Amino acid sequence: MAQWDATDKTFLITGGASGMGAGFAESFLRHGAKNVAILDIAEELGKATAERLNKAHGDKALFIKCDVSKEEDITSAFDSVLAQFKQIDVIINNAGVMMDAPDMWRTATDVNYQGLVSFTLKGVQHMRKDEGGAGGTIINISSIAALTRVSFLPIYKGSKLAVLHFSQCLALDPFYEDTGIRVLTMCFGATDTAILQNLETRTYHPKQAKILVKAVATNYICQKVESAVIALVEMFKIGAPGSIWLSVDNKPVREITLAIDRAFTDFENLLK
Ligand SMILES: NC(=O)c1ccc[n+]([C@@H]2O[C@H](COP(=O)([O-])OP(=O)(O)OC[C@H]3O[C@@H](n4cnc5c(N)ncnc54)[C@H](O)[C@@H]3O)[C@@H](O)[C@H]2O)c1
Ligand SMILES: CCCCC[C@H](O)/C=C/[C@H]1C=CC(=O)[C@@H]1CCCCCCC(=O)O
């Protein structure tokens, strides 16, 4: 099994000021990363996280304020990271929000999907070996939301399936052979972060809010951030180009590429 190594690699992590993103930054620095750029809309939190990481790991972290729903922020943040670190080896498209409320859906879609596409395409342009780049890894954060159907989070779930489908299509052969860029997709289950707070206001219609809150209270094991971080680092080490992974219930990370392949092969067979 191929093993990928974080040593001396430069990471760009969106939504890295808090939650799982901050956990990934910390963990990859412990695994020998050369530098970590944290991009986030939350300025105070981002500065504090970078300061904490710099104290613990010796000035390797950089915070840049960036709203991933805004193309001008993305361009300027990407350029700033390159100006500072010269190269980006790994991008983790982690920034995400669960906001299906009527006045928030467009922003939510921009953050969860458009921002991720934009960073991915910029990363591909920078990293692709067939145009002089050094190759690299792009990790896109999806969710179990992409794999299941419920009535109350259609916008969130749609955006996370878009992330999964964009990533798997982009990575199809001969992408890795041409570019030397490994695209990995992670589907996390419920994980103990701020995204699970104040859920009543997150559904697209108030009638759904009660169902959501009740379902969360009764149906779900909420895994620890540490488990999600361990899962992502393990995927980084062993994940084949184009592979898709699942991290739920504090269990070891599991590859689900074949299951996704089977589902799409079924759809494709309908067209024959
Ligand atoms: N926690 C879960 O249960 C869970 C499960 C599956 C997938 N996910 C996904 O994991 C990723 C991380 O989520 P989390 O649970 O750590 O959430 P979180 O809310 O704790 O952290 C998200 C981070 O993204 C930042 N952010 C929000 N909007 C932004 C924007 N416009 N531009 C830049 N940064 C922005 C926030 O400031 C925050 O630091 C998200 O993509 C989320 O959808 C979370
Ligand atoms: C009843 C479901 C409400 C949510 C339960 C859980 O605490 C939430 C986890 C979400 C947080 C962010 C996600 O991606 C996670 C997944 C969100 C979508 C979950 C759909 C669950 C399902 O289809 O069974």
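In this chain, numbering begins with 1 at the start of the sequence shown. What you see below is based on every heavy atom in this structure, not just the backbone, and it leaves out hydrogens, waters and symmetry mates. Just follow the structure's listing: the first ligand is 1, and inside any ligand the first atom is 1. All figures in this text were calculated on a predicted structure; none of them were measured in a lab.
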**Prompt:** What is the distance from atom CD1 of Ile64 to atom OG1 of Thr14, rounded to the nearest 0.5 Å?
**Reply:** 12.5 Å
**Numbered atoms of ligand 1 (with element) below 4.0 Å of Val97, judged on heavy atoms** = 27 (C), 28 (N)
**Message:** Could you tell me if the side chain of Val111 sits less than 4.5 Å from the side chain of Met99, heavy atoms only?
**Reply:** no
**Asked** Is the shortest N/O to N/O distance between Lys160 and ligand 1 below 3.5 Å?
**Response** yes
**Item:** Ion pair Lys122/Glu71, N-O distance below 4.0 Å
**Value:** yes
**Asked** Within the structure, does Ser143 bring an N/O atom to less than 3.5 angstrom of an N/O atom in ligand 1?
**Response** no
**Message:** Are Val163 and Val117 linked, directly or through intermediate hydrophobic residues, by side-chain heavy-atom contacts shorter than 4.5 Å (ILVMFWY only)?
**Reply:** yes
**Closest non-hydrogen atom pair, Met127 against Asp89** = CE-O, 3.5 Å
**Request:** Decide, yes or no, whether a salt bridge links Lys55 with Glu51 under the criterion of side-chain N to carboxylate O below 4.0 Å.
**Result:** yes
**Asked** If you measure from atom 26 (N) of ligand 1 to every heavy atom of Ile38, Leu45, Asp40, Asn93, which option wins on shortest distance?
**Response** Asp40
**Asked** Should you measure from each heavy atom of Ala190, which atoms of ligand 1 turn up under 4.0 Å away?
**Response** 3 (O)
**Fill in**
Taking only non-hydrogen atoms of Cys66 and a 4.0 Å limit, the atoms of ligand 1 in range are 32 (N), 33 (C)
**Message:** Does ligand 1 come near enough to Ser142 that some N or O of the ligand is less than 3.5 Å from an N or O of the residue?
**Reply:** no
**Message:** I'd like to check whether Ala42 has a polar contact with ligand 1, where a contact means an N/O of the residue lying under 3.5 Å from an N/O of the ligand.
**Reply:** no
**Request:** Measure the spacing between CD of Gln114 and CZ of Arg106 and express it to the nearest 0.5 Å.
**Result:** 9.0 Å
**Request:** Assert yes or no for the condition that the ring centre distance of Phe236 to Phe28 is strictly below 6.0 Å.
**Result:** yes
**Centroid-centroid distance, Phe152 to His205, less than 6.0 Å** = no
**Item:** Proximal atoms of ligand 1 relative to Val111 (non-hydrogen, under 4.0 Å)
**Value:** 31 (N)
**Message:** Only heavy atoms of Met20, strictly under 4.0 Å: list the atoms of ligand 1 that pass.
**Reply:** 1 (N), 4 (C), 8 (N), 10 (O), 15 (O), 16 (O), 44 (C)
**Request:** Determine, stepwise, if the pair His57 / Glu26 fulfils side chain to side chain donor-acceptor pair (under 3.5 Å).
**Result:** CA-CA 9 Å; His57 299 277; Glu26 225 281 308; 2.8 Å; yes
**ligand 1 contact by Gly189, heavy-atom criterion under 4.0 angstrom** = yes
**Asked** Relative to atom 40 (C) of ligand 1, which among Asn94, Asp192, Thr107 owns the nearest non-hydrogen atom?
**Response** Asn94
**Request:** Mark up the atoms of ligand 1 that fall under 4.0 Å of a heavy atom belonging to Ile141, in ascending order.
**Result:** 9 (C), 10 (O), 11 (C)
**Asked** Considering only heavy atoms, which of Ala77, Gly21, Gly96 lies nearest to atom 22 (C) of ligand 1?
**Response** Gly96
**Numbered atoms and elements of ligand 1 in range of Asp67, under 4.0 angstrom, heavy atoms** = 30 (C), 31 (N), 32 (N)
